[in-house]
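Comments concern the structure below.
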Amino acid sequence: VQLQASGGGLVQAGGSLRLSCAASGRTFRTYAMGWFRQAPGKEREFVAAISWSGGSTDYADSVKGRFTISRDNAKNTVYLQMNSLKPEDTAVYYCAASGPVSPFDTTVRVAAKRYDYWGQGTEVTVSS
């Protein structure tokens, strides 16, 4: 699976951005997906995750209520809608894929080590 993230940019605090991650291949629907971010001088951290079907999601406490992860398996794409952005959201955002997973597996993955494929990252800068 190859992943291509896009949608990053410069936005003022309080603004919104939508990140997209397009995946290659016909098996996208068999992968659980996640978004992570890495701010300058900090370690990569979990942001959001979604199960293969989209029926289960999870978020880092720092983004709950502001970010929404979703996926369109027909378009091989996972999204991260980011609202009410804060300067501390500034980071490079990475999408990741874990799998293939069983169709009976409705869980999400929070730990980075559980992901098998990573995109190249898209940069988000939130100005105050």
Side-chain angles (χ1 to χ4, degrees):
V1 176
Q2 291 185 320
L3 304 173
Q4 181 73 36
S6 62
L10 174 64
V11 64
Q12 288 189 331
S16 298
L17 281 175
R18 187 175 82 155
L19 305 184
S20 298
C21 176
S24 64
R26 296 178 292 175
T27 59
F28 173 74
R29 63 174 62 250
T30 65
Y31 287 81
M33 300 296 295
W35 285 96
F36 290 76
R37 67 186 181 186
Q38 186 167 18
K42 295 188 177 181
E43 294 185 353
R44 188 173 298 190
E45 66 174 359
F46 167 75
V47 176
I50 190 167
S51 60
W52 73 267
S53 66
S56 300
T57 59
D58 198 7
Y59 299 90
D61 288 343
S62 59
V63 307
K64 277 181 182 176
R66 300 188 298 123
F67 290 12
T68 302
I69 189 171
S70 62
R71 66 189 295 161
D72 185 336
N73 286 342
K75 295 183 178 179
N76 283 12
T77 302
V78 62
Y79 305 97
L80 185 67
Q81 177 67 43
M82 305 187 297
N83 299 329
S84 302
L85 282 161
K86 305 175 180 179
E88 51 263 45
D89 294 318
T90 295
V92 177
Y93 284 72
Y94 300 89
C95 60
S98 174
V101 303
S102 163
F104 301 102
D105 183 351
T106 60
T107 63
V108 300
R109 281 90 165 117
V110 174
K113 65 182 180 181
R114 296 196 65 189
Y115 286 86
D116 306 294
Y117 304 95
W118 292 82
Q120 87 290 358
T122 184
E123 189 168 3
V124 172
T125 302
V126 184
S127 63
S128 58

*Between W35 and V78, is a side-chain contact (heavy atoms from CB on, under 4.5 Å) present by the stated rule, with each step listed?*
CA-CA 9 Å; W35 285 96; V78 62; 4.0 Å; yes

Verify the cluster assignment for [X] and [Y]: are they in a single hydrophobic cluster under the rule of side-chain heavy atoms below 4.5 Å apart?
X	Y	result
Y117	V47	yes
L3	F36	no
F46	M33	no

Side chain [X], main chain [Y], donor-acceptor under 3.5 Å:
X	Y	result
T122	G8	yes
D116	G99	yes
Y79	T68	no
Y94	Q38	no
T125	T90	no
S128	P87	no
S56	S51	no
Q120	A5	yes
R66	S84	yes

_Aromatic plane relationship, F67 with Y93 - under 30° parallel, 30 to 60° tilted, over 60° perpendicular_ =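 Answer is tilted, since the angle falls between 30° and 60°.
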
*Which residue pairs pass the side-chain hydrogen bond (donor to acceptor under 3.5 Å, both in side chains) test with at least one member in residues 5-20, sequence neighbours excluded?*
S16-N83

*Look up atom CZ in F28 and atom CH2 in W52, then write down how far apart they are to the nearest 0.5 Å.*
12.0 Å

*Which heavy atom of A22 sits nearest a heavy atom of T77, and at what distance?*
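Where A22 meets T77 most closely, the heavy atoms are CA-OG1, 4.1 Å.
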
*Taking NZ, NE, NH1 and NH2 as the nitrogens, is one of them in D89 or K86 under 4.0 Å from a carboxylate oxygen of the other?*
no

*Would you say R44 and W118 make side-chain contact, with heavy atoms under 4.5 Å?*
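A side-chain contact exists here, since the closest heavy-atom pair is under 4.5 Å.
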
*Is any side-chain heavy atom of L19 closer than 4.5 Å to a side-chain heavy atom of R37?*
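Heavy-atom side-chain distance check fails, nothing below 4.5 Å.
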
